[in-house]
Amino acid sequence: MTERLIRMPTLHRVVKHNGIAYIGGIVAEDESLDMEGQTRQVLKKLDAYLREGGSERANLLSVTIFITDMNVKPQMDGVWKDWFAPEELPARATIGVADLGGTTLIELIATAHY
C-alpha cells in the first residue's frame with residue numbers, strides 16, 4: 001500500500017511504499033541565510049519528515065543534494081558531517097544547478113527505510 005504524507009498544494013513531500021519513504025523537494029524556509037544556515041534548515045526539515053514517515057536519520061539510504069554554487073559546497077559539507085554519525089552516512093550525490101528559484105541555495109531529495 002502507498003501512503004502519502006505531508007501534503008502540499010501540488011505534491012506530497014513524503015510517500016511511503018513497501019517499507020521505503022521517498023522524500024522530495026526540501027528547501028530552507030529562510031532564503032536570506034547563507035549556505036550553512038540553509039543547510040541546517042533543510043536537514044532539520046528532513047529530520048521532521050523522517051519522523052512523520054516513521055523513520056529516522058540512521059535509516060536514510062540515499063540523498064541527492066542540489067546546490068546553486070559549487071564554490072560553497074565545503075560549507076554544506078561541514079554542516080552535513082556534523083549532522084551525521086560517521087557510521088550513519090547514506091549514499092549521497094551533490095549536483096550543481098543554475099537555479100532553484102528565488103535565493104534558494106540548496107534543495108534535497110532522500111530515500112529511507114522505515
Side-chain angles (χ1 to χ4, degrees):
M1 179 173 110
T2 300
E3 185 178 359
R4 289 164 174 79
L5 308 171
I6 309 178
R7 296 174 190 263
M8 305 300 285
T10 60
L11 54 94
H12 292 87
R13 288 286 181 223
V14 180
V15 175
K16 292 169 48 175
H17 183 76
N18 287 339
I20 303 293
Y22 301 90
I23 303 164
I26 302 174
V27 297
E29 292 179 20
D30 185 352
E31 293 180 359
S32 70
L33 297 172
D34 64 5
M35 178 57 81
E36 287 181 12
Q38 286 196 28
T39 301
R40 281 189 190 90
Q41 281 196 347
V42 166
L43 293 176
K44 182 178 178 181
K45 286 171 82 173
L46 177 57
D47 256 343
Y49 291 177
L50 287 165
R51 280 191 306 275
E52 180 73 23
S55 193
E56 61 184 9
R57 190 182 306 181
N59 294 342
L60 281 166
L61 301 172
S62 69
V63 176
T64 302
I65 300 172
F66 304 93
I67 60 175
T68 58
D69 183 355
M70 292 300 275
N71 292 316
V72 294
K73 183 179 177 285
Q75 287 113 352
M76 183 272 300
D77 283 334
V79 175
W80 177 265
K81 288 176 188 172
D82 289 343
W83 196 66
F84 280 103
E87 66 277 2
E88 294 177 348
L89 286 166
R92 187 188 101 181
T94 303
I95 302 166
V97 297
D99 183 34
L100 290 169
T103 53
T104 298
L105 304 175
I106 181 172
E107 181 172 350
L108 71 75
I109 59 175
T111 306
H113 67 88
Y114 61 93

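Here the structure is a predicted model, which means the values were calculated and not measured.
- The shortest heavy-atom contact between L61 and I20 is CD1-CD1, 3.8 Å.
- What you find for S62 and P90 is that their closest heavy atoms are N-CB, 4.0 Å.
- Cluster annotation: V72 and V63 are assigned to the same hydrophobic cluster (Ile/Leu/Val/Met/Phe/Trp/Tyr, side-chain heavy-atom contacts under 4.5 Å, transitive).
- With sequence neighbours left out, E36 forms a side-chain contact (heavy atoms from CB on, under 4.5 Å) with D34, R40, Q75, V79.
- I95 and M70 get closest at one heavy-atom pair: C-SD, 4.4 Å.
- Note that CD1 of I106 and CG of L33 are 12.0 Å apart. Values are rounded to the nearest 0.5 Å.
- Connection of F84 to I65 is established within a shared hydrophobic cluster, with ILVMFWY side chains joined at heavy-atom distances below 4.5 Å, either directly or through further cluster members.
- Q38 contributes a side-chain N or O that, together with a main-chain N or O of E31, makes up a donor-acceptor pair within less than 3.5 Å.
- Here the side chain of E107 pairs no donor or acceptor atom with the backbone of F66 at under 3.5 angstrom.
- Between the CD1 atom of I67 and the OG1 atom of T94 there is a distance of 6.0 Å, given to the nearest 0.5 Å.
- With hydrogens and angles ignored, the 3.5 Å screen pairs a side-chain donor or acceptor of K45 with a backbone N or O of V27.
- Under the 4.5 Å side-chain heavy-atom criterion for Ile, Leu, Val, Met, Phe, Trp and Tyr, L105 and W80 are members of the same hydrophobic cluster.
- A donor-acceptor pair is defined here as one N or O able to donate and one able to accept, closer than 3.5 Å; such a pair exists between the side chain of S55 and the backbone of H113.
- Minimum heavy-atom separation, G25 to I109: N-CG2, 3.4 Å.
- Not a single donor-acceptor pair under 3.5 Å links the side chain of T39 to the backbone N or O of M76.
- In this structure, the side chain of R57 engages the main chain of W83 through a donor-acceptor pair within 3.5 Å.
- For the side-chain contact (heavy atoms from CB on, under 4.5 Å) test with R92, the passing option among D77, L60, L108 is D77; the others fail.
- A donor-acceptor distance shorter than 3.5 angstrom exists from the side chain of Q41 to the backbone of E29, with no hydrogens or angles considered.
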